[in-house]
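What you see below is based on every heavy atom in this structure, not just the backbone, and it leaves out hydrogens, waters and symmetry mates.
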Amino acid sequence: MQLIKSVQKMKEIRQQLSGKVGFVPTMGALHSGHLSLVKSAQECENIVVSIFVNPTQFGENEDLDSYPRDLDADLQKLKKYKVDYVFFPTSEMMYQKGYRTWVNVEGITNILCGDSRPGHFRGVTTVVNKLVNIIKPDRMYMGLKDFQQITVLETMLRDLNMDTQIVRCPIIRESDGLAMSSRNAYLNSEERKNAVILNQAMRIIQDSAKIGDEAQNHISKMKKMIEDKGGNVDYIEIVSTKDLSKTEKINKDSHIVLAVFMGKTRLIDNLKIF
Ligand code: AMP
């Protein structure tokens, strides 16, 4: 496993590779969710993992500075898998002086997480575009944990005629159902205990919802369950799994998406109902 810190070096190495290249973009602080993507990428002859806390996808009052970083621990974890290259560029290298170019997917980036985090998806699409240009992966392995992100990035790859395919990977959860996230480390023990309600509330609706039900009734029930456990709801919506448009009446494509603050920590999760 080789650690590559320079864009130029990464591009040169890529040119020498033969066979399929599988790519796992991450912001580090790796957990079993990230490692499941690496495992899926083992179907490719070459695996590249990037670790880059991308400043342009964080808002001004967000957690860029406090975001957990531990390169040594991440490398130890990745060593156990068949990872060939870890790409670890600096912000200065990715956004050189005079940087002015942005990629923006319209419409589906100003709803849900995009509504609460203006500019977030512009940062995500821009950095992923750059990483894809550098690494030229055949397949990019991404977690359904970030359901809107996958939808946005698939749209970008299609619209810009890019050759990379996204492989959608399932959400990895803690044994009590909480979706794994680097941000779970911010939760105190009380918040951590209560955070289980995000998944529980969605599963209760999954068990009880019927085709034709008013989505709003189920949204209200989830909101109440989460608030009763001290959660501060940023959004809870039921959307089409295909294009994220709002669902009025539950149908076979309905997908629950939510973002909730437990204390100061914003957690996201989602679940397809059927
Ligand atoms: P991040 O480091 O949070 O930017 O995430 C990097 C990649 O890991 C993204 O494709 C995420 O969707 C994915 N990921 C994060 N948490 C999980 C999880 N619990 N299960 C599956 N994939 C995940």
Side-chain angles (χ1 to χ4, degrees), residues 31-34 36-37 105 107-118 120-121 124 142-155 166-184 186-187 191-263 265-274:
H31 51 65
S32 302
H34 297 112
S36 75
L37 309 182
V105 173
I108 54 173
T109 54
N110 55 18
I111 55 171
L112 308 173
C113 286
D115 186 25
S116 336
R117 305 184 67 189
H120 168 67
F121 286 112
V124 171
M142 308 207 84
L144 281 163
K145 154 94 188 328
D146 297 87
F147 182 64
Q148 186 176 10
Q149 172 171 280
I150 282 205
T151 310
V152 168
L153 290 172
E154 283 174 345
T155 305
I166 289 183
V167 179
R168 294 178 161 215
C169 300
I171 303 175
I172 305 299
R173 298 180 177 282
E174 302 287 356
S175 54
D176 63 3
L178 177 66
M180 288 192 183
S181 164
S182 307
R183 291 191 168 98
N184 291 351
Y186 300 148
L187 299 169
E191 292 161 354
R192 170 64 189 81
K193 202 167 69 189
N194 287 333
V196 178
I197 193 64
L198 274 62
N199 184 238
Q200 280 174 351
M202 291 194 298
R203 293 185 59 147
I204 288 169
I205 298 308
Q206 185 183 46
D207 287 344
S208 60
K210 308 259 177 316
I211 303 275
D213 288 354
E214 292 290 337
Q216 194 53 53
N217 292 341
H218 292 303
I219 293 171
S220 303
K221 279 186 212 156
M222 286 186 277
K223 186 161 189 280
K224 167 126 191 17
M225 284 185 255
I226 289 170
E227 285 176 350
D228 285 350
K229 291 283 179 185
N232 186 3
V233 172
D234 180 4
Y235 67 79
I236 303 179
E237 295 285 358
I238 299 180
V239 299
S240 157
T241 201
K242 293 191 183 125
D243 61 8
L244 305 178
S245 60
K246 264 192 202 178
T247 298
E248 301 292 329
K249 291 192 189 295
I250 303 295
N251 60 67
K252 65 175 184 5
D253 286 330
S254 294
H255 202 122
I256 304 167
V257 288
L258 53 77
V260 173
F261 285 93
M262 297 304 293
T265 307
R266 186 172 176 279
L267 303 174
I268 57 171
D269 203 347
N270 68 90
L271 188 69
K272 187 158 190 299
I273 295 182
F274 299 106

Working note: Arg168 + Met142, criterion side-chain contact (heavy atoms from CB on, under 4.5 Å); need CA distance, chi angles, decisive distance, verdict. CA-CA 6 Å; Arg168 294 178 161 215; Met142 308 207 84; over 6 Å; no

Write down the atom of [X], the atom of [Y], and the distance for their closest heavy-atom approach.
X	Y	result
Ser36	Ile172	OG-CG1, 3.4 Å
Phe274	Ile211	CE1-CD1, 3.8 Å
Ser254	Thr247	OG-CG2, 3.4 Å
Gly33	Met180	N-SD, 3.8 Å
Ile171	Ala179	CG2-CB, 3.9 Å
Met202	Arg173	CE-NH2, 4.5 Å

To the closest 0.5 Å, what do you measure between [atom1] ([X]) and [atom2] ([Y])?
X	Y	atom1	atom2	answer
Leu112	Asn270	CG	CG	10.5 Å
His218	Ile250	NE2	CD1	5.0 Å
Ile205	Gln200	CD1	CD	12.5 Å
Asn194	Ile226	CG	CD1	11.5 Å
Leu187	Lys193	CG	NZ	12.5 Å
Lys210	Ile273	NZ	CD1	11.5 Å

Without placing hydrogens or testing angles, list every side-chain donor-acceptor pair under 3.5 Å for residues 229-241, not counting sequence neighbours.
from, atom 1, to, atom 2, distance (Å)
Asp234, OD1, Ser116, OG, 3.1
Asp234, OD2, Ser116, OG, 2.9
Asp234, OD2, Arg266, NE, 2.8
Asp234, OD2, Arg266, NH2, 3.1
Ser240, OG, Lys242, N, 3.0
Ser240, OG, Asp243, N, 3.4
Ser240, OG, Asp243, OD1, 3.3
Thr241, OG1, His255, ND1, 2.9

Counting only heavy atoms not in Lys224 (residues, nucleotides, ligands), do more than 12 fall under 6.0 Å from its NZ?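 Incorrect, the count does not exceed 12.
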
Not counting sequence neighbours, which residues clear side-chain contact (heavy atoms from CB on, under 4.5 Å) with Asp176? List them please.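 Result, side-chain contact (heavy atoms from CB on, under 4.5 Å) vs Asp176: Glu174, Leu178, Arg192, Val196.
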
Using the rule given for side-chain contact (heavy atoms from CB on, under 4.5 Å), can you reason through Leu267 versus Asp269, listing the C-alpha separation, both sets of side-chain angles and the distance that settles it, and then say yes or no? CA-CA 7 Å; Leu267 303 174; Asp269 203 347; over 6 Å; no

Solution key, residues 143-153 side-chain donor-acceptor pairs under 3.5 Å, sequence neighbours excluded:
from, atom 1, to, atom 2, distance (Å)
Gln148, OE1, Cys113, N, 3.0
Gln148, NE2, Ile108, O, 2.8
Gln148, NE2, Ile111, O, 3.0
Thr151, OG1, Phe147, O, 2.9

Distance-only, no hydrogens or angles: does the His34 side chain make a donor-acceptor pair with backbone N or O of His31 under 3.5 Å? yes

For Ala215, does its backbone N or O pair with a side-chain atom of Glu248 as donor and acceptor, under 3.5 Å? no

